Amino acid sequence: MTSPHSSVQDPGHAVGPSVKTQRILALILLLCQAGITVSGSIVRVTGSGLGCVTWPNCHPGSLVPLEGAAPLVHQVIEFGNRLLTFVVGAAAVATIVAMHKAKRRTELKVYAWLGLAGIVVQALIGALSVFLKLSWWSVAIHFLPSMVLVWIAAMLYSRTAEPDDGIPTRVFPAAIRTLAVIAAVALSIVLLTGTFVTGSGTHSGDAGVGMEGRLGVDTYGMAVIHAICMYVYLALTLIMVFLLHRSGAPKAAKNAGWVLIMCIVVQWAIGVAQFYLHIPRWTVPFHVGMSSVVTAFTALLWAHGRRRVDARDVHSLDGEPTTKR
């Protein structure tokens, strides 16, 4: 049995990996989910997307790169990106095992399994993009699920610290929770319009494709729309953090909000630099990487809105404790 102020498990009767170990594994999974999006962007900006021309083999009849089949550097970069899938998969499996061995609540097990299922789906989408010769929309739907997986991994990392027998308690007032939902939708639109910008731009992912198969819209105009969506998202986040201070929210929630704002500002600065420098290749991995960072911290701020806490510590901001899920 856990004591009223235990963290998650009674240290004297702990089952399986400790909470610290579980959180480390969840953090590793989060970093892997974010990291593979960066490696994917490196594939794109180096034109290595078709360094391997088929799937699951790199070339017909060969699982690994072949000398002379394509520029070696392109083969190595694309094949290396494929190998990272196994690293991410191993992190997901380790997290699943940890959650089950520790006999954690169903919510955490679901997050862990969703992470693994998403990796399998992403591998299949990656195969589709190769067979479609990196059509812009296939590359876009390869990126967007990655952001969902980053969100799930961030939620798992955050929720793992909460006691399984704790009472789900609303920390944010209902109005702030509603605003958080709107902000999350705004972030989704930012990410979606970002894929339209890259889909209409010059970095197709294959050095030999050029503008063939690219999205037929004005890249400049789409970049402006993307920027406007980012400003809306930033404004919503600023309002939410202001309301958190007005409502007397916990310090951890307010700090998470400020960190998120700083991440959005950094991402904005990278985007502006890309716009005026005409999207130099080296900026793309930074922009993609920060997309994962912003998504992760948005998820962490969202997670602060409802926490599982020990019974004697249950106090929502409006004085009404929530019911157990």
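This structure is a prediction, so every number in the text was calculated from the model and none was measured.
Taking both residues in full, the closest heavy atoms of Cys58 and Gly51 are given as SG-O, 4.1 Å, listed atom of the first, atom of the second, then distance. Considering all non-hydrogen atoms of both residues, Val171 and Pro250 come closest at CG1-CD, 3.3 Å.
Between Phe275 and Tyr220, the two ring planes are tilted [angle within 30° to 60°]. Classification of the Trp268-Tyr231 ring pair by plane angle, with boundaries at 30° and 60°, yields tilted.
Note: the hydrophobic cluster containing Ile24 does not contain Leu31 (ILVMFWY, side chain heavy atoms under 4.5 Å, direct or indirect links). Residues Leu83 and Val88 do not share a hydrophobic cluster, clusters being chains of Ile/Leu/Val/Met/Phe/Trp/Tyr side chains in contact below 4.5 Å. By the criterion of side-chain heavy atoms lying less than 4.5 angstrom apart, applied directly or through intervening Ile, Leu, Val, Met, Phe, Trp or Tyr residues, Leu114 is grouped together with Met155 in one hydrophobic cluster.
Contact check for Thr160 versus Leu156: side-chain heavy atoms found under the 4.5 Å cut-off. Contact of the Val181 side chain with the Trp302 side chain is registered, since non-hydrogen atoms from C-beta on lie closer than 4.5 Å. Counting only heavy atoms from C-beta outward, the side chains of Val73 and Ser48 never approach each other to under 4.5 Å. Ile264 places a side-chain heavy atom less than 4.5 Å from the side chain of Met230. The side-chain heavy atoms of Gln75 and Val64, taken from C-beta on, include no pair separated by under 4.5 Å.
Judged purely by distance below 3.5 Å, without hydrogens or angles, the side chains of Ser292 and Gln33 never pair a donor atom with an acceptor atom. Under 3.5 Å, the side chains of Ser62 and Asn57 contain no donor-acceptor pair of N or O atoms.
Results of the side-chain contact (heavy atoms from CB on, under 4.5 Å) test with Gln122 over Ile119, Ile125, Val120, Leu124 single out Ile125 as the only residue that passes.
Here the straight-line distance linking atom OG1 of Thr106 with atom CH2 of Trp113 works out to 13.5 Å at 0.5 Å rounding. Rounding to the nearest 0.5 angstrom, the gap separating the NE2 atom in His226 from the OG1 atom in Thr195 is 9.0 Å.
Under a cutoff of 6.0 Å and an axis angle of 45°, Arg306 and Phe172 do not form a cation-pi pair.
Contacts classified as disulfide (SG to SG under 2.5 Å) and involving residues 82-168 (residues at least two apart or in different chains) are not found.
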Should Ile225 and Phe196 be marked as a side-chain contact (heavy atoms from CB on, under 4.5 Å) after you check the CA-CA gap, both sets of side-chain angles, and the distance that decides it? CA-CA 10 Å; Ile225 293 173; Phe196 292 165; over 6 Å; no
